[in-house]
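Notes for the one structure printed next.
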Amino acid sequence: MLMENRKRVLSAMFAVAMLATAITIAAWQEKSAEKPAVAAAKPGAAEMERLKFYLGEWDYTETYPNEEKNTGVYTSKLGPGGNSLINTFHSQGPVGDFEGLLVMTWDPKEKMYKEYVFGNDFPGALVETGQFEGDTLVYRSEIATQGATIKLRNVTRLTAPGKLESEQYMVMKDAPEKLFVHVEAKKR
């Protein structure tokens, strides 16, 4: 039962983190095709501008290695002063019913994106750190569990205008990295 609950919590956290990353990269890539916006003088404004076009609503499908699929809706809006993005999501299907809140921002000290993930299946927040690697947004985080640390890596890329794919990978101890979930999203 404990292992089943742990898998469910990890499933929810991974799905949320991956979806947020996926939408962020799609938005940035769509925006980069338009005329560049003039960045405000305040610190982090240019970095937050890169994330703005993932604003709006997205339909998505999560596909797990066992081929089970959940579907959901993700909504993103600007936070106070444009210094963050606030995202809500809800997915459901045979893997479970997941609901949550994400807050993304730019950390000028670390010169990296920070993402705080809150979900219905786990207490506290999952904190991820990300950067663009070329046109791909990559977030990384670690989760400490009883006797082990789970490392997460989320990779997101645009596959067509308004469409993206994202994969969440995990590593436990010295085992090889494994795909945990694949997400496809389409902007409404």
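- At distances below 3.5 Å, not a single donor-acceptor pair connects side-chain atoms of T71 with backbone N or O atoms of G93.
- Within the model, atoms CG of L85 and CE of M48 stand 4.0 Å from one another, a figure rounded to the nearest 0.5 Å.
- Hydrophobic clustering of Ile, Leu, Val, Met, Phe, Trp and Tyr side chains at less than 4.5 Å, counting indirect connections, keeps V171 apart from L179.
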Report the C-alpha separation of D59 and R188 in whole Å, then their side-chain angles, then the decisive distance to 0.1 Å, and conclude whether the salt bridge (charged side-chain N to carboxylate O under 4.0 Å, His left out) test is met.
CA-CA 7 Å; D59 294 307; R188 287 184 171 182; 2.9 Å; yes
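- Using a 4.5 Å cut-off between side-chain heavy atoms of Ile, Leu, Val, Met, Phe, Trp and Tyr, with links allowed through other members, I143 and F122 fall into the same hydrophobic cluster.
- One distance of note links NE2 of H182 with CD of E167; it measures 5.5 Å at 0.5 Å rounding.
- Note: M104 CE to L137 CG = 7.0 Å, rounded to the nearest 0.5 Å.
- Considering only heavy atoms from C-beta on, Y113 comes within 4.5 Å of E47 through its side chain.
- Taking 4.5 Å as the limit, every side-chain heavy atom of L164 sits out of range of all side-chain heavy atoms of K187.
- Listed for the K69 side chain is no donor-acceptor partner under 3.5 Å among the backbone atoms of P94.
- Checking E62 against S91 by side-chain atom types alone, a donor-acceptor pair falls below 3.5 Å.
- Both L102 and L55 belong to a single network of hydrophobic side chains, linked directly or stepwise wherever heavy atoms of I, L, V, M, F, W or Y lie under 4.5 Å apart.
- Taking 4.5 Å as the limit, some side-chain heavy atom of R153 sits within range of a side-chain heavy atom of V138.
- The closest donor-acceptor contact from the side chain of D121 to the backbone of F98 lies at 3.5 Å or more, if one exists at all.
- Put simply, the side chain of N154 never gets that close to the backbone of Y139: no donor and acceptor are under 3.5 Å apart.
- Under the 4.5 Å side-chain heavy-atom criterion for Ile, Leu, Val, Met, Phe, Trp and Tyr, V181 and M170 are members of the same hydrophobic cluster.
- D135 contributes no side-chain N or O that, together with a main-chain N or O of L158, makes up a donor-acceptor pair within less than 3.5 Å.
- Under a hydrophobic-cluster definition in which Ile, Leu, Val, Met, Phe, Trp and Tyr are linked whenever side-chain heavy atoms come within less than 4.5 Å, directly or via other members, M172 and L152 are assigned to the same cluster.
- From E184, atom CD reaches atom OG1 of T61 across 7.0 Å, with rounding to the nearest 0.5 Å.
- For the pair P80 and I86, the minimum side-chain heavy-atom distance is below 4.5 Å.
- Between K114 and T105 there is a side-chain heavy-atom pair separated by less than 4.5 Å.
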Pair H90, E99 - check side-chain hydrogen bond (donor to acceptor under 3.5 Å, both in side chains), show working.
CA-CA 4 Å; H90 183 235; E99 185 173 7; 5.0 Å; no
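- The shortest side-chain heavy-atom distance between K111 and W106 falls under the 4.5 Å cut-off.
- Classification of the Y64-F180 ring pair by plane angle, with boundaries at 30° and 60°, yields perpendicular.
- With rounding to the nearest 0.5 Å, the separation of CZ in F118 from CG in L126 is 10.0 Å.
- S166 contributes atom OG, which lies 7.5 Å from atom CZ of R157 (distance to the nearest 0.5 angstrom).
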Checking R140 against E133 for the salt bridge (charged side-chain N to carboxylate O under 4.0 Å, His left out) test, could you report, in this order, the C-alpha distance in whole Å, the side-chain angles of both residues, the deciding distance, and whether it holds?
CA-CA 12 Å; R140 290 181 170 82; E133 295 178 8; 3.4 Å; yes
